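Following: one structure in structure tokens, then a few remarks.
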Amino acid sequence: MMSSPGQKQPEKDQGEKKAMREATLRMAFTSEARQRLANVKMVRPDLASSIEEYVIQLASSGRLKKAVDDEQVKQMLASMQDKKREMKIRRI
């Protein structure tokens with residue numbers, strides 16, 4: 001089956017975007033931070049991608065001065081996680 005060259009262009013563009021995203025993330029995070037984010041991604045992929053998008057935005061706007069380390073990722077995770085509800089159980 002032959003495909004037209006026009007069909008491959010979006011796939012190529014998408015692959016290039018993904019490669020650029022991965023390269024940006026590699027530069028933006030330390031190895032420990034990347035490992036922590038990979039662990040978080042297994043449990044909460046939405047939370048991990050939110051942090052990745054935030055850091056990509058910082059990097060693309062030039063506001064990221066140095067690579068994000070593990071402690072900064074911990075702080076981001078703590079600030080982005082939902083507040084736990086306090087439950088009170090009353091015994092009658």
Side-chain angles (χ1 to χ4, degrees):
M1 181 172 167
M2 299 272 300
S3 62
S4 68
Q7 290 178 336
K8 290 191 174 194
Q9 188 63 32
E11 292 174 10
K12 185 179 177 182
D13 289 345
Q14 192 173 15
E16 288 176 359
K17 283 182 183 177
K18 186 175 180 180
M20 284 182 59
R21 177 185 168 93
E22 292 300 320
T24 303
L25 290 174
R26 240 181 281 125
M27 290 188 314
F29 289 104
T30 62
S31 61
E32 294 86 13
R34 280 196 307 271
Q35 184 61 46
R36 180 171 299 276
L37 211 51
N39 292 340
V40 170
K41 193 178 275 190
M42 285 191 265
V43 181
R44 299 268 319 262
D46 56 329
L47 185 61
S49 62
S50 295
I51 291 175
E52 288 176 353
E53 289 299 322
Y54 176 68
V55 170
I56 287 173
Q57 286 178 356
L58 288 177
S60 64
S61 65
R63 291 186 293 164
L64 192 65
K65 304 294 182 209
K66 61 179 186 170
V68 176
D69 63 9
D70 192 39
E71 284 299 319
Q72 290 171 315
V73 171
K74 285 181 188 176
Q75 291 171 357
M76 287 181 202
L77 287 169
S79 68
M80 294 179 119
Q81 284 183 335
D82 296 332
K83 302 285 184 208
K84 291 185 178 179
R85 290 184 182 176
E86 269 190 48
M87 294 179 58
K88 291 183 180 177
I89 299 174
R90 291 180 17 193
R91 296 181 188 202
I92 300 175

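Note that this is a predicted model, so its numbers are computed, not measured.
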Tell me, please, which residues at least two apart from Gln57 pass side chain to side chain contact (heavy atoms under 4.5 Å, CB included). none
With sequence neighbours excluded, what pairs up with Asp13 under the side chain to side chain donor-acceptor pair (under 3.5 Å) test? Gln9
What residue pairs, at least two apart or across chains, pass salt bridge (Lys or Arg N to Asp or Glu O under 4.0 Å) with a residue in residues 48-67? Arg21-Glu52, Arg21-Glu53, Lys41-Glu52
With side chains defined as the heavy atoms from C-beta onward, is the minimum distance between Tyr54 and Val68 less than 4.5 Å? no
Side-chain heavy atoms nearer than 4.5 Å, only ILVMFWY residues, links allowed to pass through others: does that put Met80 and Ile56 together? yes
For Arg36, enumerate each residue passing the salt bridge (Lys or Arg N to Asp or Glu O under 4.0 Å) test, keeping only those at least two apart in sequence or located in another chain. Asp70
Reported CD1-to-CG distance for the pair Ile51 and Leu77, which is rounded to 0.5 angstrom: 4.0 Å
Using the side chain to side chain donor-acceptor pair (under 3.5 Å) criterion, which residues pair with Gln72? Sequence neighbours excluded. none
Taking only residues two or more places apart in sequence or in another chain, which ones pass side chain to side chain contact (heavy atoms under 4.5 Å, CB included) with Thr30? Glu32, Ala33, Ala67, Asp69
Can you list the residues that meet the side chain to side chain donor-acceptor pair (under 3.5 Å) rule with Gln35, with sequence neighbours excluded? Asn39
Are Leu58 and Leu37 linked, directly or through other ILVMFWY residues, by side chains that come within less than 4.5 angstrom of each other? yes
For Glu71, give me all partners under salt bridge (Lys or Arg N to Asp or Glu O under 4.0 Å), at least two apart in sequence or on another chain. Lys74
Check whether more than 12 heavy atoms from other residues, nucleotides or ligands sit under 6.0 Å from atom CD of Glu16, and answer yes or no. yes
